[in-house]
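Working notes, beginning with the structure itself.
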Amino acid sequence: MPLPDGTDELARSAARGDREALDALLATVRPEVLRQCARLLPHRQDAEEACQDALLALAHGITGFEGRSSFDTWLYRITANRARSTYRTLRRRWQREAGGVPLPDRPDPRRTSVVAGTRLDLLDALDAVPPDLAEAVTLRDVLGLSYREIAGLLDVPEGTVKSRIHEARRQLRGRRARAQRRRPRASGRSATTWCSPRPSWHC
């Protein structure tokens with residue numbers, strides 16, 4: 001979903017130190033940031049926590065926006081990184097509270113998505129691949145950015161982006177296959193088992 005008209009100008013003004021523009025920018029982008037966080041964290045409470053983290057990161061980092069990529073592309077990178085970071089924080093919190101007990105394989109609707117997630121959860125899987133691969137595949141397969149947009153955002157050739165995404169998908173498929181071999185076949189797919197919206201992941 002495109003950001004409202006005038007958002008890029010607000011971002012440029014905020015990057016120059018205009019506090020009123022920054023406040024207006026944060027209010028403008030919040031709905032889209034929350035929507036994007038919800039694509040990674042399906043439970044609203046988790047998505048809202050990640051959204052707040054992303055907006056805080058935006059407020060602190062806006063002076064680093066140089067306009068080399070579009071603002072929405074720049075924002076999506078912050079959002080994806082903060083959603084993954086929030087997930088790791090929530091996961092550590094659960095592990096402390098559970099005294100080291102592994103995350104349950106079956107969803108528990110009384111808890112957050114971190115606790116309900118299976119070991120095939122996308123965010124867990126992304127943590128198992130190198131950060132440059134995880135970032136590229138998240139921007140492409142979760143947030144839907146084009147190869148060209150990702151290349152501009154990461155400041156690497158488009159061919160490098162395609163190579164990273166190909167390798168990330170290969171590693172994620174391998175992780176999923178190994179995990180499935182280690183567990184008995186379930187009668188149905190868990191609602192929280194990760195599966196890319198793109199057919200190339202063969203979910």
Side-chain angles (χ1 to χ4, degrees), residues 32-43 46-47 49-58 60-61 64-65 68-70 72-95 102-103 112-180 182 190 192-203:
E32 178 63 9
V33 171
L34 180 58
R35 188 180 75 87
Q36 294 294 343
C37 287
R39 298 185 70 173
L40 282 162
L41 296 164
H43 287 241
D46 297 347
E49 185 166 339
C51 176
Q52 289 302 112
D53 286 348
L55 293 176
L56 184 61
L58 169 59
H60 286 308
F65 175 61
R68 289 184 297 178
S69 62
S70 65
D72 57 351
T73 301
W74 185 82
L75 176 64
Y76 289 163
R77 184 184 192 184
I78 291 178
T79 300
N81 288 340
R82 297 315 302 173
R84 291 175 56 210
S85 176
T86 297
Y87 174 78
R88 288 191 290 268
T89 298
L90 293 169
R91 183 177 58 190
R92 287 193 298 268
R93 185 186 305 166
W94 156 252
Q95 290 170 338
L103 298 179
T112 68
S113 62
V114 174
V115 179
T118 72
R119 289 200 175 277
L120 295 179
D121 184 275
L122 173 58
L123 291 165
D124 276 340
L126 287 170
D127 272 352
V129 303
D132 57 339
L133 305 185
E135 182 173 39
V137 79
T138 299
L139 291 171
R140 174 63 178 168
D141 285 354
V142 180
L143 299 187
L145 272 63
S146 70
Y147 293 117
R148 178 175 297 179
E149 288 173 323
I150 298 170
L153 185 60
L154 302 183
D155 196 22
V156 297
E158 193 169 328
T160 299
V161 170
K162 292 179 179 179
S163 176
R164 289 179 182 179
I165 291 171
H166 174 79
E167 177 60 19
R169 288 170 176 166
R170 188 191 68 79
Q171 292 189 25
L172 290 171
R173 284 196 297 266
R175 176 182 169 84
R176 180 172 186 258
R178 290 191 298 273
Q180 286 182 324
R182 288 196 298 267
S190 166
T192 54
T193 297
W194 67 264
C195 183
S196 167
R198 298 178 183 274
S200 58
W201 285 33
H202 305 299
C203 296

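Start at 1 with the first residue, then count along the sequence.
When atom types are taken as modelled, the side chain of T79 and the backbone of L75 share a donor-acceptor pair closer than 3.5 angstrom. At least one donor-acceptor pair closer than 3.5 Å links the side chain of T138 to the backbone N or O of A134. Put simply, the side chain of T86 gets close to the backbone of R82: a donor and an acceptor are under 3.5 Å apart.
Taking OG of S85 as the start and CD1 of I78 as the end, the distance is 12.5 Å to the nearest 0.5 Å. Of the inter-residue distances, the one linking C37 atom SG with E32 atom CD reads 10.0 Å to the nearest 0.5 angstrom. The distance from atom CG of L40 to atom OH of Y87, rounded to the nearest 0.5 Å, is 11.0 Å.
Using a 4.5 Å heavy-atom threshold, the side chains of R140 and R169 count as touching. Residues E49 and L41 form no side-chain contact, since every pair of their non-hydrogen atoms from C-beta on lies 4.5 Å or further apart.
Side-chain atoms of S70 and T73 form a donor-acceptor pair, as typed in the model, at a separation below 3.5 Å.
Residues passing the side chain to side chain contact (heavy atoms under 4.5 Å, CB included) test with Q171, sequence neighbours excluded: V129, P130, L133, E167. Here S146 pairs with E149 under the side chain to side chain donor-acceptor pair (under 3.5 Å) rule; sequence neighbours left out.
Applying the 6.0 Å contact sphere to CZ of R148 captures no more than 12 heavy atoms from other residues, nucleotides or ligands.
Counting all heavy atoms, side chain and backbone alike, Y76 lies closest to L145 at CD1-CD1, 3.3 Å. The two atoms that bring C51 and L34 nearest to each other are SG-N, 3.8 Å, heavy atoms only. In terms of heavy atoms, I165 sits closest to Y147 at CD1-CE2, 3.5 Å. Smallest separation of non-hydrogen atoms from P157 and A151: C-CB, 4.1 Å. Nearest heavy atoms, W74 versus L153: CA-CD1, 3.7 Å.
Ion pairing between R77 and E135 holds under the 4.0 Å rule for side-chain N and carboxylate O.
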